[in-house]
**Student:** 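To start, I am sharing the structure in question, which I have written as C-alpha cells.
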Amino acid sequence: MQLPVAVSDALEAPVPPPRKSKRTVILVFVAIAAVAGGGAYYVTHHGRESTDDAQVDAEVVLVPARVDGLVKTVNFVENQHVKAGDLLAELDDAQLVAKLAQAEATLAKTTAQADAADANAALIERNAVGNKSATQANLTGAAAGAQTEAAQLAEGRAGLASANAQLAQAKIDVDRARKLNAAGAITHAELERAETAYTLASSNVEVVKARIATLQTTVTAARSRVQEASARATQNDDISATVRQARATADAAKADVKVATAQRDLAALNLSYAKIRAPQDGVISKKSISVGQQLGPGQAIGQLVTEGRWITANYKETQVEDVRPGQPVTVKVDAFSGVELTGTVESLSGGTGSRFALLPPDNASGNFTKVVQRVPVRIKLTNVPASVALRPGMNVEASIDTRN
C-alpha cells in the first residue's frame, strides 16, 4: 500500500530534539552561583573571627583637687585639648602660704636647737676628757707626795733612834763625869761639858719627836689627798655615760630637725597643689568646677581623655580558641563609613567580662542557665589616618585573622 506523498515526506523528515525547560536552566545557574558564592565566602571568611560587640577605648583620668580650697581661677573650657603640665585651675593659697611660713620658722628653730645641742655635746666630751686627765694627774701627784712624806717619816723615825742612842750615851758620859769629878779625877769644866752634851742630846730627841709628829700629820693629809684624788678619778672614769647622754640629746634634736624638714616639705607640696595641672596630654571633658566653688581633697574638676586609643572587642568564648597576640585585625568604625583600619591583637583578658562585673554571677546558687560568655580582646591600632578622630565608646566591627 502506497502512502500519500505528504505523509511520506512527513515520516522521512528528521525529528527535532526536545526543548529544555527554561526553569531547569535557571535552577542550574542558581545552583552554580550558590556553590561559587559559598566557596568564595569560605575562602574569604575561613579562619576569621568577627564581632560587632567592640568599642574604641582609651584611658579616662579623673583630674582631682589634692587640697581643699576656694576656686580662684579656671583656665580651661569643656572639651579643650591640653598638654601635660598645663594650669587648669588655681585655688586660694593664702592659708597654705601661712602654713609654709610657720613650717619654715619651726625648721629654723629646731635647726638652731640641734646646733646648740651638738656644740654642748662636744663641749661636755672635751671637758670630761680634760677632767679625767686632770684627776689622773692629781691622783698620781698625790700618790707621789704621799710616798715622799712616808719616806720622810721613816727617815725621821730613824733619826729618833739615833738621837735616843746619842742621849743614852750622853747619859752614861755625864754619870761617869760626875763620879770622876767627885773623886777629883776630872776638872769641873769637863763635867760641865759632859752635862751640856747630855742636855743637847736630850733636846735633839725632843726636836726629832716633834718633827716625827709633824711628818705623821703630813702623811695622814697626803693619804687623804690620795683617797680624794682616787675618788674623783673613779667618778671621772664613767665619762662615757655623760658623753652618751649629751650625744643622745643632740641626736634627738637632729631628729626634730628631720621632722620639721618633712613638715616644711609637706607644706610646700600642699602649696604647689593649689595649682591644679593636667597630668597628661589629652582632651578634658565633664568640667565640674566654677570660680568661687569650694573644693575638697579628691574632688574631680573634670575627666581627661588621654591620646592613646585601642579597641576592646568582646568575643564569644567559642571564638577565642585560635586567637593569639600578634594576629592581624581589620576594624570598621560605625562613625566612619568606608574606612577600614588595621591593627594587631595585643592581649586577651585574664577572665570573662562577667567575672570582672561589680556583682559577678554565682552559678553555685539557685537555678543555673548556661550563657555564652564574652572574653575582652585588646587590639592595638596601627596607621590611623589623621582625619579619623576616634573617641572612646564608638562602636566598631573587628575581624581577627586567626590563620597567622
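Heavy atoms only: backbone and side chains are in, while hydrogens, waters and symmetry mates are out.
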**Student:** Just by modelled atom types, is the A300 backbone N or O under 3.5 Å from a matching donor or acceptor in the S288 side chain?
**Tutor:** yes
**Student:** Nearest 0.5 Å please: distance from the CG atom of L100 over to the CD atom of Q263.
**Tutor:** 12.0 Å
**Student:** For V63 and L88, work out which heavy atoms get closest and say how close.
**Tutor:** CG1-CD1, 3.9 Å
**Student:** Are the side chain of D86 and the backbone of K83 linked by a donor-acceptor contact shorter than 3.5 Å?
**Tutor:** yes
**Student:** When rounded to the nearest 0.5 angstrom, what distance separates CD in Q294 from CG in D92?
**Tutor:** 9.5 Å
**Student:** With a 4.5 Å limit on heavy-atom distance, are the side chains of Q55 and N395 in contact?
**Tutor:** yes
**Student:** Between Q373 and S354, do the side chains contain a donor N or O and an acceptor N or O under 3.5 Å apart?
**Tutor:** yes
**Student:** Do you know the tightest heavy-atom contact between A274 and L96?
**Tutor:** CB-CD1, 3.9 Å
**Student:** Has the side chain of T382 got a donor or acceptor atom that lies under 3.5 Å from a matching backbone atom of T342?
**Tutor:** yes
**Student:** G351 and P376: which non-hydrogen atoms are nearest, and at how many Å?
**Tutor:** O-CD, 3.7 Å
**Student:** Between R374 and G353 (side chain of the first, backbone of the second, donor and acceptor by atom type, cut-off under 3.5 Å), is there such a pair?
**Tutor:** no
**Student:** Any chance you could lay out the side chain to side chain contact (heavy atoms under 4.5 Å, CB included) test for I400 and V345, step after step, and finish with the verdict?
**Tutor:** CA-CA 8 Å; I400 303 174; V345 175; 3.9 Å; yes
**Student:** Using a strict 4.0 Å threshold on nitrogen-to-oxygen distance, state whether R403 and D322 make a salt bridge.
**Tutor:** no
**Student:** If we ignore angles and hydrogens, is there a donor and acceptor under 3.5 Å between the side chains of T312 and D57?
**Tutor:** yes
**Student:** Taking the side chain as every heavy atom from C-beta outward, state whether L341 and P385 have any pair of such atoms under 4.5 Å apart.
**Tutor:** yes
**Student:** Short question: side chain of Y315, backbone of V377 - any donor-acceptor pair under 3.5 Å?
**Tutor:** no
**Student:** Looking at R66, I want to see if its CZ is surrounded by more than 12 non-hydrogen atoms of other residues, nucleotides or ligands under 6.0 Å.
**Tutor:** no
**Student:** Using atom types as modelled and distance alone, determine if a side-chain donor or acceptor of Q319 lies under 3.5 Å from a backbone N or O of S50.
**Tutor:** yes
**Student:** So, for L295 and I289, which heavy atoms are closest and what is the spacing to 0.1 Å?
**Tutor:** CD2-CG2, 3.9 Å
**Student:** Report yes if the side chains of Q166 and L200 come closer than 4.5 Å at any heavy-atom pair, otherwise no.
**Tutor:** no
**Student:** Would a 4.5 Å heavy-atom cut-off, applied to side chains only, mark L271 and V97 as touching?
**Tutor:** yes
**Student:** Counting only heavy atoms not in E104 (residues, nucleotides, ligands), do more than 12 fall under 6.0 Å from its CD?
**Tutor:** yes
**Student:** Evaluate the side chain to side chain contact (heavy atoms under 4.5 Å, CB included) criterion for residues F336 and S387: first the C-alpha distance (whole Å), next the side-chain angles of each, then the deciding distance (0.1 Å), finally the verdict.
**Tutor:** CA-CA 10 Å; F336 302 96; S387 59; over 6 Å; no
**Student:** Between K171 and D175, is the salt bridge (Lys or Arg N to Asp or Glu O under 4.0 Å) condition met? List the steps.
**Tutor:** CA-CA 6 Å; K171 176 65 175 173; D175 289 342; 3.7 Å; yes
**Student:** Are P297 and V67 side-chain neighbours, meaning at least one heavy-atom pair lies under 4.5 Å?
**Tutor:** no
**Student:** Do R48 and T330 have a side chain donor and acceptor closer than 3.5 Å?
**Tutor:** yes
**Student:** Is K258 reaching over with its side chain to a backbone N or O of A260, donor-acceptor style, under 3.5 angstrom?
**Tutor:** no
**Student:** Whether the side chain of E78 engages the backbone of K287 through a donor-acceptor N/O pair (distance < 3.5 Å, no angle test) should be reported.
**Tutor:** yes
**Student:** Go through it in stages, so that I can follow the logic: the residues are L348 and V320, the test is side chain to side chain contact (heavy atoms under 4.5 Å, CB included), and I'd like the CA-CA distance, side-chain angles, deciding distance and then a yes or no.
**Tutor:** CA-CA 9 Å; L348 282 78; V320 297; 4.3 Å; yes
**Student:** So with a 6.0 Å cut-off around CD of Q102, is the heavy-atom count from everything else above 12?
**Tutor:** no
**Student:** For A54, does its backbone N or O pair with a side-chain atom of N314 as donor and acceptor, under 3.5 Å?
**Tutor:** no
**Student:** Indicate yes or no: at least one non-hydrogen side-chain atom of K72 is less than 4.5 angstrom from one of L91.
**Tutor:** no
**Student:** To the nearest 0.5 Å, how far apart are CD in Q80 and CG in L304?
**Tutor:** 11.0 Å
**Student:** Hey, are the side chains of V384 and L381 touching, using non-hydrogen atoms and a 4.5 Å cut-off?
**Tutor:** yes
**Student:** Please report the interatomic distance NZ(K286) to CG(L62), rounded to the nearest 0.5 Å.
**Tutor:** 10.5 Å
**Student:** List the steps and the verdict of side chain to side chain contact (heavy atoms under 4.5 Å, CB included) for D401 and V329.
**Tutor:** CA-CA 6 Å; D401 188 352; V329 184; over 6 Å; no
**Student:** Ignoring hydrogens and angles, tell me if any N or O in the side chain of E206 forms a donor-acceptor pair with the backbone of S203 under 3.5 Å.
**Tutor:** no
**Student:** For a quick test of reading the model, state the closest non-hydrogen atom pair linking L87 to E90 and the distance between them.
**Tutor:** CD2-OE1, 4.3 Å
**Student:** Distance check, rounded to the nearest 0.5 Å: M394 atom CE versus R309 atom CZ?
**Tutor:** 9.0 Å
**Student:** Roughly how far apart are R378 CZ and I311 CD1, rounded to 0.5 Å?
**Tutor:** 10.5 Å
